[in-house]
Structures are given as C-alpha cells and as structure tokens.
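First the structure, in the form of structure tokens, and then the observations on it.
Computed from a predicted model, the values in this text were never measured in an experiment. Both backbone and side-chain heavy atoms feed into the values below; hydrogens, waters and symmetry mates do not.
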Amino acid sequence: MHRGLQFTLGIVALGAATLGAQGQYGKVGEVQVGGAGGFDYLTADSEGKRVYLAHGTEVVVIDTDTNAVVGKIADTPGVHGVAVAASLGRVFTTNGRENKVSIVDAKTLATIAKVEAGQNPDAINYDPARKEVWAWNHTGHSATVIDAATGKVIATVPLAGVAESGGVDGGRAYVNIEDKDAVDVIDTATHEVVGHWPVAPAEGPTGMAVDPASHRIFVGGGPRLVMMDSSNGKVLASVPICSGTDGTAFDPSAKLAFVSCSDGKMTIAKMDGPQTLTVVQTLETSRGARTVAVDPATHRVYVAAVSYAPPDPNAPPPASGQRPPRPTAVADSLKVLVFGPAK
C-alpha cells in the first residue's frame with residue numbers, strides 16, 4: 001500500500017474512532033402532532049417521562065416511553081413556554097396573547113388558576129431551591145416572579161430590554177436580553193438586577209441553558225454559541241453554529257450543548273473542559289426546527305417542525321430587491337422529531 005494512502009486512511013480511521021466515542025446522534029423516533037397554529041418551546045420532564053410542546057393555544061403532552069401524545073393543556077392563548085414543578089405536581093405555561101401564566105395540575109392537566117404577568121410572557125423557568133417561577137416577559141421588558149405553591153406574584157423585575165429564554169443557578173437567575181446582546185443577572189433573594197453581561201461574539205441571544213453543576217451558561221445567538229462563567233459573566237469559549245437559532249439545551253452528564261436552528265440543522269458542542277467547547281456534530285433535523293429540549297435521563301433530544309409544500313415551479317421570480325415568498329406549511333403536519341446517541 002502507498003505510504004501516503006496509509007497515512008490518509010489512518011487519519012480517517014482516527015476521525016471515525018473519535019466520532020464513535022462521542023456518540024453521534026441520529027433520529028430514533030417521530031411523534032405526529034398535527035393541528036393548526038404555530039409552535040414554540042419544548043420542555044422535557046425526566047421525572048414525569050414527558051415532553052411538553054407549546055402549540056398555538058394549547059400545550060401538547062408526549063409520553064417519552066411510547067413517543068405518543070397522551071394529553072393536552074387547553075386554553076393557553078399564544079403559549080410560548082412550559083415549566084415543571086415536579087415536587088408540587090404543577091405545570092406552568094406562559095400565555096403570550098393574554099399576558100398570563102397558567103397554573104396546571106400535572107396529573108389531570110386541568111387549569112387550577114391563571115396569574116397576571118407582564119406583556120407577552122415568553123420563556124419560563126422554575127427555581128426548585130426557592131419554589132419560584134420566573135416568567136420572562138418578552139416585550140414587557142420584565143420578569144414576573146410567582147410563588148409556585150400559592151400562585152401569588154412575589155415581584156416584577158424590570159429588565160434592560162427584550163427578554164428571551166433564561167435559567168437559574170445558585171441564587172441567581174439569568175435571562176437573554178435579545179436587543180442588547182447581553183444577559184441580565186438577577187439576585188433571586190432580592191429580586192433585583194445585579195449584572196448586565198455582554199455575550200459577544202454571540203449576537204441577538206435567544207436560547208439559553210444553565211448548568212448549575214459546572215456553573216456555566218450556554219447562550220446561542222446569531223453566528224455563535226458562547227459558554228460563560230455564571231459567577232462573573234466571562235465568556236470562556238465560543239463555537240460557530242447553524243443559522244436561525246431560537247433554542248439551546250444542555251445535557252449535564254454528557255456535557256453536550258445542543259443548538260437547534262430554522263435552517264434544518266442542529267449544532268452539537270461538547271464541553272471538553274471548564275474553558276473548552278468543541279463542535280462534535282452538525283445534525284440534520286428539519287427546516288424550521290428552531291427550538292430544542294433534552295432529556296438528561298435518556299439523553300434524547302426533541303425538536304418540533306412542520307412539513308412544507310414544494311415551491312411552485314411556475315411562480316414568477318421575486319421583484320428586484322425582494323425576498324422570495326416564504327414556503328407554505330402543509331396543513332396538519334406538525335411533528336416532534338426525536339434524536340438519540342448511537343449505541
């Protein structure tokens with residue numbers, strides 16, 4: 001065998017071995033949801049073995065053992081996000097079109113009450129340490145803090161701008177401020193903003209995942225995913241990502257960050273060390289699948305998407321300076337795609 005060819009094949013084999021050790025992700029399931037209306041965040045509940053999908057005016061509940069729809073939470077107009085308080089047996093949803101948060105019985109999926117929030121509540125997080133719910137009011141530029149047990153509003157926290165997704169770690173809450181290319185930091189004891197951290201080289205931050213064990217924040221925005229120190233806001237590492245992201249998730253035991261994008265791809269990056277982040281896979285998903293959830297118990301990853309009709313070959317080209325028309329979604333085609341690591 002030619003020596004140069006031997007060297008080349010050796011490099012390929014080494015690369016294949018490395019990919020195998022990292023456990024490349026592939027599609028392992030698909031859940032047909034259907035129905036009309038758009039979709040937003042997904043939330044994985046490992047303890048309850050469920051995935052919640054925000055869908056128009058309802059939340060779809062999926063059993064992760066069977067990959068089947070097992071129920072729906074009704075009357076959630078313009079729902080964006082879902083938070084689970086497992087110890088209380090409650091689920092909380094942000095209803096953007098009515099500026100309210102629904103409190104839901106996790107067992108029956110019946111609405112217990114609705115709580116007034118700020119304008120267009122978007123993402124939502126549960127802080128188990130303080131048993132508080134944080135609803136991030138997108139255009140309201142604020143956070144509504146709710147006592148998860150009583151359903152009473154504890155505080156309204158003014159923010160620096162447009163609020164996207166957030167997270168909680170060790171006495172602090174964090175939220176992406178999309179129009180300021182920054183993260184607002186809030187003391188959970190005083191409910192006051194105590195920091196405003198830039199996320200460059202990320203831009204227009206949307207997705208966030210917080211890992212309390214390593215005290216790291218993962219923020220996806222524009223062209224990059226950044227890994228930040230949650231104690232001081234220092235950007236420790238960054239990697240390029242797919243295009244059109246709206247969701248970031250993190251699997252703490254696998255030390256993998258997942259960034260899903262509307263271009264039909266998902267960037268998977270590994271935290272190799274406390275200050276190191278490496279892209280290990282670009283996964284093909286589906287066009288428009290911009291949000292993501294990971295179940296840390298099973299290491300499965302979930303994205304939502306719809307199918308699109310092929311472009312009309314007889315359609316006239318767009319006028320000069322105009323974008324082509326958006327593709328037409330196929331009716332009743334909403335689905336959740338399930339991905340898992342190679343065994």
Side-chain angles (χ1 to χ4, degrees), residues 38-41 43 54 57 76-83 92-103 114-127 130 132-148 151-169 171-210 217-222 224-226 228 230 232-233 235 244-248 262 290-291:
F39 65 88
D40 206 343
Y41 292 110
T43 300
T57 60
T76 59
V79 64
H80 289 291
V82 177
F92 299 82
T93 74
T94 47
N95 309 333
R97 288 209 297 268
E98 64 178 5
N99 301 330
K100 292 180 180 179
V101 171
S102 288
I103 304 174
K114 289 189 176 184
V115 181
E116 293 288 341
Q119 187 175 359
N120 192 16
D122 193 353
I124 187 169
N125 296 103
Y126 176 62
D127 178 5
R130 300 183 63 85
E132 293 177 352
V133 174
W134 289 76
W136 306 108
N137 303 313
H138 184 75
T139 50
H141 299 182
S142 66
T144 301
V145 188
I146 302 167
D147 185 307
K152 294 182 179 180
V153 174
I154 301 170
T156 299
V157 183
L159 300 173
V162 175
E164 275 285 328
S165 53
V168 181
D169 171 22
R172 285 179 167 181
Y174 308 88
V175 61
N176 285 327
I177 305 300
E178 186 178 13
D179 59 332
K180 297 294 192 296
D181 295 339
V183 168
D184 269 4
V185 186
I186 304 110
D187 186 307
T188 58
T190 64
H191 302 122
E192 295 179 351
V193 174
V194 294
H196 185 73
W197 296 340
V199 298
E203 300 171 358
T206 51
M208 177 186 286
V210 177
I217 305 171
F218 300 86
V219 173
R224 311 287 292 189
L225 168 72
V226 298
M228 306 172 71
S230 67
N232 57 26
V235 174
T245 184
D246 198 27
T248 300
S262 59
R290 67 191 189 280
T291 56

Closest non-hydrogen atom pair between [X] and [Y], with its separation:
X	Y	result
I103	G151	CD1-CA, 3.7 Å
A54	G81	CB-N, 4.3 Å
A123	S165	CB-CA, 3.5 Å
V101	A117	CG2-CB, 4.2 Å

Once salt bridge (Lys or Arg N to Asp or Glu O under 4.0 Å) is applied, do any residues pair with [X], and if so which ones, sequence neighbours excluded?
X	answer
K180	none
E116	K100
R130	E132
E178	none

Note to self: Can you list everything that forms a side-chain contact (heavy atoms from CB on, under 4.5 Å) with T57? Sequence neighbours excluded, please.
What the structure shows: R97
Next item on the list: Under the side-chain contact (heavy atoms from CB on, under 4.5 Å) rule, collect the residues that match up with Q119, sequence neighbours excluded.
Entry: N99, T139
For [X], side chain to side chain donor-acceptor pair (under 3.5 Å) partners two or more places apart:
X	value
Y41	E164
S230	D169
S102	N95
T144	N137

Check: Who passes ring-ring contact (aromatic ring centres under 6.0 Å, His included) against F92, sequence neighbours left out?
Finding: none
Within a strict 4.5 Å, meaning less than it, do heavy atoms of the [X] and [Y] side chains meet?
X	Y	result
V168	V210	no
T206	R290	no
I177	V175	yes
W136	T94	no
D40	D122	yes

Checklist line | For N176, the option from V219, T248, V162 that meets side-chain contact (heavy atoms from CB on, under 4.5 Å) | finding: V219
What side-chain donor-acceptor pairs closer than 3.5 Å can you find for residues 196-204, not counting sequence neighbours?
| unit_1 | atom_1 | unit_2 | atom_2 | d |
| --- | --- | --- | --- | --- |
| H196 | ND1 | D184 | OD1 | 2.5 |

